[in-house]
Amino acid sequence: MAHADSSSAPAGAPVNFIHQIIEEDIRTNANGANGQVITRFPPEPNAFLHIGHAKAICLDFGTAVKYGGRCHLRMDDTNPVKEKQEYIDAIKVDVSWLGFEWGDHEYHASDYFPQLYDWAILLIKAGKAYVCDLSPDEVSRTRGTLTTPGTPSPFRGRSVEENLDLFARMKTGEFPNGARTLRAKIDMAAPNLNLRDPVMYRILHAEHPRTGQAWCIYPMYDWAHGQSDWIEGITHSLCDQAYEEHRPLYDWFLDQLIALGAKSPNARYRPKQREFARLNLPYTVLSKRRFLDWVEGGFVRGLDDPRMPTLSGLRRRGYTPEAIRDFCERIGVAKRENVIEYALLEHCLREDLNKRAPRAMAVLHPVKVVIDNYPEGQVEQFDAVNNPEDPAAGKRQVPFSKVLYIEREDFMETPAPKYFRLYPGNEVRLRYAYLVRCTSCVKDSGGNVTEVHCTYDPATRGGNTPDGRKVKATIHWVSALHALDAEVRLYDHLFTKEDPDDVPAPVPAPAPGIPGGDWRQNINPRSLEVIQAKIEPSLAQAKPGDKYQFERLAYFCCDPDTRPGKPVFNRTVALKDTWARIEKKRG
RNA sequence: UGGCCCGUGGUGUAACGGUAACACACCAGGUUUUGGUCCUGGUAUUCCUGGUUCGAAUCCAGGCGGGCCAGCCA
């Protein structure tokens, strides 16, 4: 069912609490499902998926794989004003890119609109739901507060006949948006606000991506979700902890329907909702709504901008599904609030890329090197290993000539302590080429180094030292004559603070759910740096999506903006840099 | 004098009444034609106070701290 195998954990390995619950359920046949495990991943198609969803996807699909069950992909499409076919398509691309398959089990909450409608009538007939004429504002005011009970709607006592009539007329489109709702009749004094006569249906005259104009009343999440689970025969409905307080309502609806003799078309058992803590990452926000703010504000180029924590953004940045799955495995599943360090995500990425990314040489900040004793006009080809971690990756040839580019950082006129690279008098290895010794440098009027002069040792061809001589540094280079130009995009966090909403003077919250304060002041103005680099000729064949390690620098991914003769590379993640650490410590 | 959830190294996650472990991060060393990879070693943890128990991270009580909830969003 899925490529990703989460069942490969060694015997006796720690099991997360969700799996403990499931194993207990299987052992005791708690839900009467006879050991079946059927889960679902239920995104609302109103935006792109992000890495927080990856955690949920890995859990939902991984759990199904682990227990020999299956996982349904279900579009939770109950709000046509926000949902689009474009998002449905993007979600499917992302889930399968991550490595999971749902087979025939693709569903939509909208598939169940007729069944949900019939069940709503059942509840009305049983006196468990009523049509309410209160405006949204009035509903809000009569709901009470966190500490005081709500007051019953004046329409709460409507007769079954009147409710049936009104509900039918809501469905036929007789009333405008917002005129009436169908509400569950539970308890206006319940300490859990979700139980204070929650709205089951609202009137929305809108075009639905799948049902078109067929409906003008749409079920709310709470009414749709549990019933959808039940209809599909889901055994374990895993979700964000935020829904834990909705669980009593999830169970209430099921209780009522079962008591009224309703039957799931697919299950003799009922689903069980269990909640886990969502993933948080520093320097970003994992919120679909925020993504649109960033795009609309022009802070990123789109939902798939490589700085975005969306799966499409990470993909464009160069992340691999394997790395993301490994990450999701390592962060574990629990209920406490968590913020995972970037270091772990990047570790998973580097570990994967190290094994599979071919190496290449590229110079990001070029400075010219002239090998004074190298014959003018001569060109040699040197063998370069494509991937030292993977002998099967083979070798390629890299051209060498008298004038080269090296990284500006790889030369220092007056070397800092422990600096092993090029400085006057010092000898280093040019990777795969020769040992060279620096003789001098040329500077412009501003004191900037414009040219480094060296001599090479012909006996060290290929970078070998027949005399056993050691050099402490090997640096990368490209031949000036053969180098290609490339646009390279360097990325940093989108925000300068771990918590982008951490602002000095918060203003009052503009709306429920939207934190106060202006996150815009925490935008990192340097989250994108575009430079022109010199790259080795073999990189001319790079196609969008191809991943490389530019030796000694970072992993890079060829961007879709690449055009013939105009390659574009995204820095995916830098290599670990011990030298940078030494410099940083020195201050 | 609202409800729900949660407190274990720097960050995560385990340990399910019996020596607090694993990963990442950090520090030190070794190998190396990438200051990468790899290898070796090290620092560092149970929110507090009581109670139960031979024995408590685990059970109980009371504190303290954090998160979430008042959409006709999901």
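Keep in mind the model is a prediction, meaning the values are calculated, not measured. Below, read A as the first sequence line, B as the second, and so on, with proteins coming before strands; counting in each chain starts at 1.
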Visitor: Is the phosphate of B:U34, meaning OP1 or OP2, less than 4.0 Å from a side-chain N or O of A:His476?
Guide: no

Visitor: Give me, pair by pair, the N or O atoms of the protein and of nucleotides 26-31 of chain B that are less than 3.5 Å apart, along with how far apart they are.
Guide:
residue : atom : partner  : partner atom : Å
B:C27   : OP2  : A:Arg581 : NE           : 3.4

Visitor: With a distance cut-off below 6.0 Å to the six-membered ring centre and an angular limit of 45° from the axis, does A:Lys171 pair with A:Tyr117 as a cation-pi contact?
Guide: yes

Visitor: Is A:Glu275 touching bases, backbone alone, or none of the nucleic acid, heavy atoms closer than 4.0 Å?
Guide: nothing

Visitor: Just to be sure I understand the geometry, which residues of residues 129-138 of chain A put a non-hydrogen atom under 4.0 Å away from RNA chain B?
Guide: A:Leu134, A:Ser135, A:Pro136

Visitor: Do the side chain of A:Arg421 and the main chain of A:Phe411 share a donor and acceptor less than 3.5 angstrom apart?
Guide: no

Visitor: Check whether any side-chain nitrogen or oxygen of A:Arg202 sits under 4.0 Å from OP1 or OP2 of B:A74, and answer yes or no.
Guide: yes

Visitor: Please classify B:G71 as syn or anti, treating any glycosidic angle within 90° of 0 as syn.
Guide: syn

Visitor: Take atom CG of A:Leu553 and atom P of B:G35, then tell me their distance rounded to the nearest Å.
Guide: 10 Å

Visitor: Using a distance-only criterion (donor-acceptor N/O pair, under 3.5 Å, no hydrogens), is the base of B:U37 paired with the side chain of A:Glu351?
Guide: no

Visitor: Show every ring pair (Phe, Tyr, Trp, His ring centres under 6.0 Å) that has at least one partner inside residues 337-366 of chain A, sequence neighbours left out.
Guide: A:Tyr342-A:His493

Visitor: Roughly how far apart, to the nearest Å, are B:G62 and B:C27 at atom P?
Guide: 45 Å

Visitor: Round to a whole Å and report the spacing from NZ of A:Lys171 to P of B:C72.
Guide: 23 Å

Visitor: Would you mind building the protein contact string for nucleotides 42-48 of chain B? One character per nucleotide, 5' to 3', B for base within reach (heavy atoms under 4.0 Å), S for sugar-phosphate only, - for untouched.
Guide: -------

Visitor: When you measure from the side-chain N and O atoms of A:Gln273 to the phosphate of B:C4, is any distance below 4.0 Å, counting only OP1 and OP2?
Guide: no

Visitor: Rounding to a whole Å, what distance do you find between A:Leu249:CG and B:C4:C1'?
Guide: 14 Å

Visitor: Could you check whether the rings of A:Phe400 and A:Trp477 sit parallel, tilted or perpendicular, using 30° and 60° as the cut-offs?
Guide: perpendicular

Visitor: Any pair with a residue in residues 178-196 of chain A that passes salt bridge (Lys or Arg N to Asp or Glu O under 4.0 Å), sequence neighbours left out, goes on the list, sorted by first then second residue, please.
Guide: A:Asp133-A:Arg180

Visitor: Just compare B:C72, B:C6, B:C24 and give me whichever is closest to any side-chain atom of A:Gln241.
Guide: B:C6

Visitor: Specify whether A:Tyr107 and A:His72 have parallel, tilted or perpendicular ring planes, treating 30° as the upper limit for parallel and 60° as the lower limit for perpendicular.
Guide: tilted

Visitor: Hey, does the side-chain of A:Arg289 have a donor or acceptor N/O within less than 3.5 Å of a partner on the base of B:G71?
Guide: yes

Visitor: Nearest to the A:Pro388 side chain among B:G36, B:C24, B:A74, which nucleotide is it?
Guide: B:G36

Visitor: For RNA chain B, whose closest nucleotide is more 5', that of A:Tyr419 or that of A:Pro43?
Guide: A:Tyr419

Visitor: Any side-chain N or O of A:Arg552 below 4.0 angstrom from OP1/OP2 of B:G35?
Guide: yes

Visitor: Is the side chain of A:Thr181 donor-acceptor paired with the backbone N or O of A:Tyr201 at a distance under 3.5 Å, no angle test?
Guide: no

Visitor: Which whole-number value in Å describes the distance from A:Tyr243 OH to B:C73 P?
Guide: 13 Å

Visitor: Just to verify, what does A:His476 make a ring pair (Phe, Tyr, Trp, His ring centres under 6.0 Å) with, not counting sequence neighbours?
Guide: none

Visitor: Can you tell me, in whole Å, how much space there is between the C1' of B:C24 and that of B:C64?
Guide: 30 Å

Visitor: Under the salt bridge (charged side-chain N to carboxylate O under 4.0 Å, His left out) test, which residues partner A:Glu380, sequence neighbours left out?
Guide: A:Arg461

Visitor: Out of A:Arg396, A:Lys395, A:Gln397, which residue meets the side-chain hydrogen bond (donor to acceptor under 3.5 Å, both in side chains) rule with A:Asp383?
Guide: A:Gln397

Visitor: For nucleotides 9-12 of chain B, list the nitrogen or oxygen atoms of the protein found under 3.5 Å from its nitrogen or oxygen atoms, one pair per line.
Guide:
residue : atom : partner  : partner atom : Å
B:G10   : N2   : A:Glu341 : OE1          : 2.9
B:U11   : O4'  : A:Glu341 : OE2          : 3.0
B:U11   : O3'  : A:Val339 : O            : 3.2
B:U11   : O2'  : A:Val339 : O            : 3.0
B:G12   : OP1  : A:Val339 : N            : 2.9
B:G12   : OP1  : A:Val339 : O            : 3.4
B:G12   : O5'  : A:Val339 : O            : 3.4
B:G12   : O2'  : A:Ile331 : O            : 3.0

Visitor: Need to verify one output field. Residue with the more 5' nearest nucleotide on RNA chain B, A:Phe420 or A:Val199?
Guide: A:Phe420

Visitor: Considering the options A:Leu422, A:Ile475, A:Leu553, which one meets the side-chain contact (heavy atoms from CB on, under 4.5 Å) requirement together with A:Glu407?
Guide: A:Leu553

Visitor: Roughly how many Å apart are B:U52 and B:A15, using the P atom of each and rounding to a whole number?
Guide: 28 Å

Visitor: Between B:G17 and B:A57, how many Å separate the two P atoms, rounded to a whole number?
Guide: 13 Å

Visitor: Is the side chain of A:Arg350 donor-acceptor paired with the backbone N or O of A:Ala574 at a distance under 3.5 Å, no angle test?
Guide: yes

Visitor: Can you tell me how far P of B:G35 sits from CZ of A:Arg429, to the nearest Å?
Guide: 10 Å

Visitor: Counting distance only, does the side-chain N/O of A:Asp77 pair as donor-acceptor with the main-chain N or O of A:Ala109 below 3.5 Å?
Guide: yes

Visitor: Take a 6.0 Å sphere around CD of A:Glu409 and say whether it holds more than 12 heavy atoms from other residues, nucleotides or ligands.
Guide: no

Visitor: Going by side chain to side chain contact (heavy atoms under 4.5 Å, CB included), name the residues that satisfy it together with A:Lys288, two or more places apart in sequence or in a different chain.
Guide: A:Glu44, A:Asn46, A:Ala47, A:His50, A:His53

Visitor: For atom P, what is the distance between B:C47 and B:A14, given to the nearest Å?
Guide: 15 Å

Visitor: Could you tell me whether a side-chain N or O of A:Asn194 sits under 3.5 Å from a main-chain N or O of A:Pro248, the two making a donor and an acceptor?
Guide: no

Visitor: Under 3.5 Å, which protein N or O atoms sit close to an N or O of nucleotides 1-3 of chain B? Give each pair with its distance.
Guide:
residue : atom : partner  : partner atom : Å
B:G2    : N9   : A:Leu146 : O            : 3.1
B:G2    : N3   : A:Leu146 : O            : 3.0
B:G3    : N2   : A:Glu245 : OE1          : 2.4
B:G3    : N2   : A:Glu245 : OE2          : 3.4
B:G3    : N3   : A:Glu245 : OE2          : 3.3

Visitor: Could you write out RNA chain B as a dot-bracket string, with dots for unpaired bases, | for bases paired across to another strand, and Watson-Crick or G-U pairs counted at under 3.5 Å?
Guide: .((((((..((((....[..)))).(((((.......)))))....(((((..]....))))))))))).....

Visitor: Taking atom P in both B:U43 and B:A21, what distance in whole Å separates the two?
Guide: 12 Å

Visitor: Once you round it to whole Å, what is the distance between P of B:G35 and NZ of A:Lys472?
Guide: 12 Å

Visitor: In residues 74-85 of chain A, which residues come under 4.0 Å of RNA chain B by heavy atom?
Guide: A:Asp76, A:Thr78, A:Asn79, A:Lys82

Visitor: Which part of the nucleic acid does A:Arg431 contact within heavy-atom distance under 4.0 Å: base, sugar-phosphate only, or nothing?
Guide: base

Visitor: Whole Å only: how far is the OH atom of A:Tyr221 from the P atom of B:C72?
Guide: 16 Å

Visitor: What is the distance from OH of A:Tyr555 to P of B:U34, rounded to the nearest Å?
Guide: 13 Å

